[in-house]
Amino acid sequence: MAESCRENWYVLYVKSRHEFVANHELIQKDITTFLPAVRKLRNWKDRKKWVDFPLFPGYLFINIMPRPENILSVLKTRGAINLLSAQPGYPTPVSPDEIDALQLLIESGRDIDIYPELKTGTNVRVKRGPLQGAVGTLVERHEQYMFMINIELLGRSIGVNLYADDIEAV
């Protein structure tokens, strides 16, 4: 494996319903993680409760130097299965721009929709508001414009409704 002198973001595939467990263990190992989650109100017969759900079930993001000892430490984490890779044996980094835009979107508190395999549309940048500077894709859905952030390696996108005058072509 080629050594890299800088940290990269990678996607860690984890067992079903182990996203938060793996995230907690990785943090205990001093590994920088990002587990995008949304809070939803769940109804039971006797009560209602706000519950956090992973935005991308089965996946979380880690930021490490791609050294064998770092990768081994990640893979020895409870619930971890594998790092996603386009070429077997070599984890594929996620674009820092995609992670930055995703973090901005999560921090904005906006309602989020997830769209599988969205890859078409115009690349745009948000000009103002809590998502200012985020780069993504513009699509039209149900006669509304949506700003989409595509995590290419996962083949998934998330989106929020925006006003057309809040975005500009990249």
Side-chain angles (χ1 to χ4, degrees), residues 9-64 74-84 94-122 124-167:
W9 285 100
Y10 297 95
V11 178
L12 177 63
Y13 177 51
V14 298
K15 291 179 184 175
S16 178
R17 300 177 191 228
H18 279 71
E19 299 88 356
F20 293 101
V21 170
N23 188 59
H24 179 73
E25 275 201 24
L26 289 164
I27 291 169
Q28 297 299 323
K29 293 180 180 184
D30 288 327
I31 294 173
T32 303
T33 66
F34 175 45
L35 176 55
V38 291
R39 184 163 278 212
K40 296 181 181 178
L41 186 63
R42 286 294 181 226
N43 294 311
W44 284 274
K45 288 181 181 179
D46 61 337
R47 62 194 160 98
K48 292 181 181 184
K49 183 179 179 183
W50 287 98
V51 180
D52 289 329
F53 289 92
L55 198 55
F56 303 113
Y59 301 97
L60 64 100
F61 299 93
I62 59 164
N63 190 283
I64 60 170
V74 167
L75 295 178
K76 284 187 171 183
T77 301
R78 188 169 24 139
I81 296 175
N82 209 351
L83 292 169
L84 295 191
V94 176
S95 162
D97 290 339
E98 290 177 353
I99 296 294
D100 291 345
L102 184 55
Q103 288 173 327
L104 279 170
L105 188 60
I106 296 296
E107 291 167 7
S108 77
R110 308 281 299 255
D111 286 336
I112 297 173
D113 289 326
I114 302 173
Y115 299 90
E117 299 294 336
L118 178 76
K119 294 182 181 176
T120 59
T122 305
V124 295
R125 178 182 345 268
V126 179
K127 296 190 296 188
R128 61 181 151 267
L131 300 176
Q132 182 175 354
V135 175
T137 304
L138 178 69
V139 298
E140 190 173 345
R141 182 169 176 257
H142 304 298
E143 299 179 8
Q144 287 188 315
Y145 288 106
M146 294 201 75
F147 174 74
M148 307 296 287
I149 296 170
N150 185 35
I151 305 299
E152 225 171 287
L153 189 57
L154 285 178
R156 299 217 175 106
S157 298
I158 61 173
V160 295
N161 291 326
L162 287 179
Y163 294 108
D165 60 346
D166 286 345
I167 55 177

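- Ile99 places none of its side-chain heavy atoms less than 4.5 Å from the side chain of Asn63.
- Looking at every heavy atom in both residues, Gln132 comes nearest to Leu104 through O-CD1, 4.0 Å.
- With sequence neighbours left out, Glu98 forms a side-chain hydrogen bond (donor to acceptor under 3.5 Å, both in side chains) with no residue at all.
- With values rounded to the nearest 0.5 angstrom, Ser95 atom OG is found 8.0 Å from Asp100 atom CG.
- How far CG of Leu83 is from CD1 of Ile81: 11.5 Å, rounded to the nearest 0.5 Å.
- In this structure, Phe56 and Pro36 have side chains that are in contact, with non-hydrogen atoms separated by less than 4.5 Å.
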Return a table of donor-acceptor pairs under 3.5 angstrom between the side chains of residues 14-23 and protein atoms on other chains or two or more places apart.
from	atom 1	to	atom 2	distance (Å)
His18	ND1	Ser16	O	2.9
Glu19	OE2	Gly58	N	2.5
Asn23	OD1	Thr33	OG1	2.6

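- Checked against a 6.0 Å centroid threshold, the rings of Phe61 and Tyr10 do not count as neighbours.
- The side-chain contact (heavy atoms from CB on, under 4.5 Å) with Val11 is formed by just one residue from the set Ile62, Leu154, Leu60, Asn82; it is Leu154.
- Applying the side-chain hydrogen bond (donor to acceptor under 3.5 Å, both in side chains) test to Arg47 and every residue at least two apart in sequence or in another chain returns nothing.
- The shortest side-chain heavy-atom distance between Leu153 and Leu84 falls under the 4.5 Å cut-off.
- Here the side chains of Leu12 and Leu75 are in contact, with some heavy-atom distance below 4.5 Å.
- Leu102 has its side chain out of reach of Trp9: every pair of non-hydrogen atoms, C-beta onward, lies at least 4.5 Å apart.
- For the atom pair CG of Leu131 and CD of Glu107, the computed distance is 10.0 Å after rounding to the nearest 0.5 Å.
- A side-chain contact (heavy atoms from CB on, under 4.5 Å) with Val160 holds for exactly one of Val126, Leu105, Ile149; it is Leu105.
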